[in-house]
Amino acid sequence: MVKFEGQLNEECKKFLKRQKFFAAVVSIAFSFTVTAPIIIVFALAVTKWIFLCLILLLAFHIYQYYYDRIGYPVSISVSEDYIKAVGSTKKQECCTSIEHIVQVVDMGSWYRLIFDFKINNLFICQKDLLVEGTLEEFEEIFKDKLVVYEPKKKQK
């Protein structure tokens, strides 16, 4: 078993903020794409006041984005079968099978875990927060999924 525990550094927090913002934008875009045509047709058929539902939908997503921004992962336990993450707030806890992980990206000072069709911001394993096990054990668990990150070169 490998366990990471502690507060993330600023580099990881910055990455997670970008990921959460991206997830919020995708959520809003999908929600409006699905519900806006229905609301518009219904508003044109019944009354124009139903257009206010679009504003309420947007307000709900903004509230949800700021509500979900609270907290970062503080403990991640990795075993042969599952991985469990606990966030800094009591309600943030996630446990999933290792089989759902598609790729583990070595970002230098931390690992990024990529899941199949899920955006999950609780699974960032910072290397210097290792309290149980070794990095070799961690890399052995994900040996067929481990990829080293290579930043894109800026074009001139």
Side-chain angles (χ1 to χ4, degrees), residues 2-79 81-127 129 138 141-142 145-155:
V2 180
K3 188 170 187 175
F4 299 88
E5 196 168 77
Q7 297 295 321
L8 296 177
N9 63 20
E10 289 303 314
E11 178 187 5
C12 293
K13 287 181 180 180
K14 183 178 175 182
F15 173 79
L16 286 176
K17 285 180 185 179
R18 282 194 316 253
Q19 285 293 105
K20 289 179 182 183
F21 180 75
F22 174 73
V25 169
V26 169
S27 174
I28 290 171
F30 179 75
S31 177
F32 270 90
T33 303
V34 172
T35 59
I38 297 168
I39 292 172
I40 291 170
V41 168
F42 193 63
L44 292 175
V46 180
T47 180
K48 307 285 189 246
W49 288 100
I50 297 177
F51 280 119
L52 292 176
C53 292
L54 292 172
I55 296 170
L56 292 174
L57 183 65
L58 180 63
F60 169 75
H61 279 293
I62 291 171
Y63 169 77
Q64 183 180 9
Y65 170 69
Y66 281 106
Y67 183 72
D68 286 344
R69 284 182 59 184
I70 300 170
Y72 295 100
V74 292
S75 175
I76 297 177
S77 303
V78 182
S79 73
D81 301 328
Y82 71 93
I83 182 166
K84 179 181 178 183
V86 178
S88 56
T89 61
K90 291 182 180 180
K91 73 173 195 123
Q92 289 180 316
E93 187 172 320
C94 185
C95 185
T96 187
S97 172
I98 293 289
E99 296 170 1
H100 294 286
I101 297 173
V102 176
Q103 192 175 42
V104 177
V105 182
D106 185 349
M107 303 291 285
S109 64
W110 50 284
Y111 294 104
R112 174 184 176 203
L113 282 66
I114 300 173
F115 292 85
D116 52 356
F117 301 114
K118 293 184 206 172
I119 297 177
N120 195 322
N121 293 315
L122 283 180
F123 292 102
I124 295 288
C125 302
Q126 189 173 319
K127 292 179 181 178
L129 297 179
F138 181 83
I141 293 171
F142 298 110
K145 301 175 184 180
L146 191 63
V147 176
V148 177
Y149 174 72
E150 295 178 16
K152 295 179 183 175
K153 293 180 182 177
K154 293 184 179 181
Q155 296 178 356

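Keep in mind that what you see is a predicted model, and the values were worked out from it rather than measured.
Taking CZ of F22 as the reference point, atom CD of Q19 lies at 7.5 Å (rounded to 0.5 Å). Between the NZ atom of K17 and the CD atom of E10 there is a distance of 6.5 Å, given to the nearest 0.5 Å. To the nearest 0.5 angstrom, F4 atom CZ is 8.5 Å from L129 atom CG. Taken to the nearest 0.5 Å, the SG atom of C95 stands 6.5 Å off from the OH atom of Y82.
L8 places a side-chain heavy atom less than 4.5 Å from the side chain of L16. No side-chain heavy atom of I83 sits less than 4.5 Å from a side-chain heavy atom of H100. Proximity of D81 to I98: side-chain heavy atoms (C-beta onward) are nowhere separated by under 4.5 Å. In this structure the side chain of K84 reaches within 4.5 angstrom of the side chain of E93, judged on heavy atoms.
Ring orientation note: the planes of F15 and W110 are tilted relative to one another, at an angle of 30° to 60°. Between F123 and F115, the two ring planes are tilted [angle within 30° to 60°].
Checking side-chain atoms of Q126 against main-chain N and O of C12 turns up no donor-acceptor pair under 3.5 Å. Within the 3.5 Å criterion, the main-chain N or O of S75 finds no donor-acceptor partner in the side chain of K3.
Scanning all heavy atoms of the two residues, the minimum distance from E11 to S109 falls at OE1-OG, 3.3 Å. Contact between V74 and G87 at its shortest, heavy atoms only, is CG2-O, 3.6 Å. The two residues C53 and I39 make their nearest non-hydrogen contact at CB-CD1, 4.0 Å. Across every non-hydrogen atom of F138 and V2, the tightest pair is N-CG2, 3.8 Å.
Other residues, nucleotides and ligands place more than 12 heavy atoms under 6.0 Å from the NZ atom of K145. No more than 12 heavy atoms of other residues, nucleotides or ligands lie within 6.0 Å of NZ in K14, so this atom counts as exposed by the packing criterion.
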Determine whether Y72 and I124 satisfy the following criterion, side-chain contact (heavy atoms from CB on, under 4.5 Å), listing intermediate values before the conclusion. CA-CA 9 Å; Y72 295 100; I124 295 288; over 6 Å; no
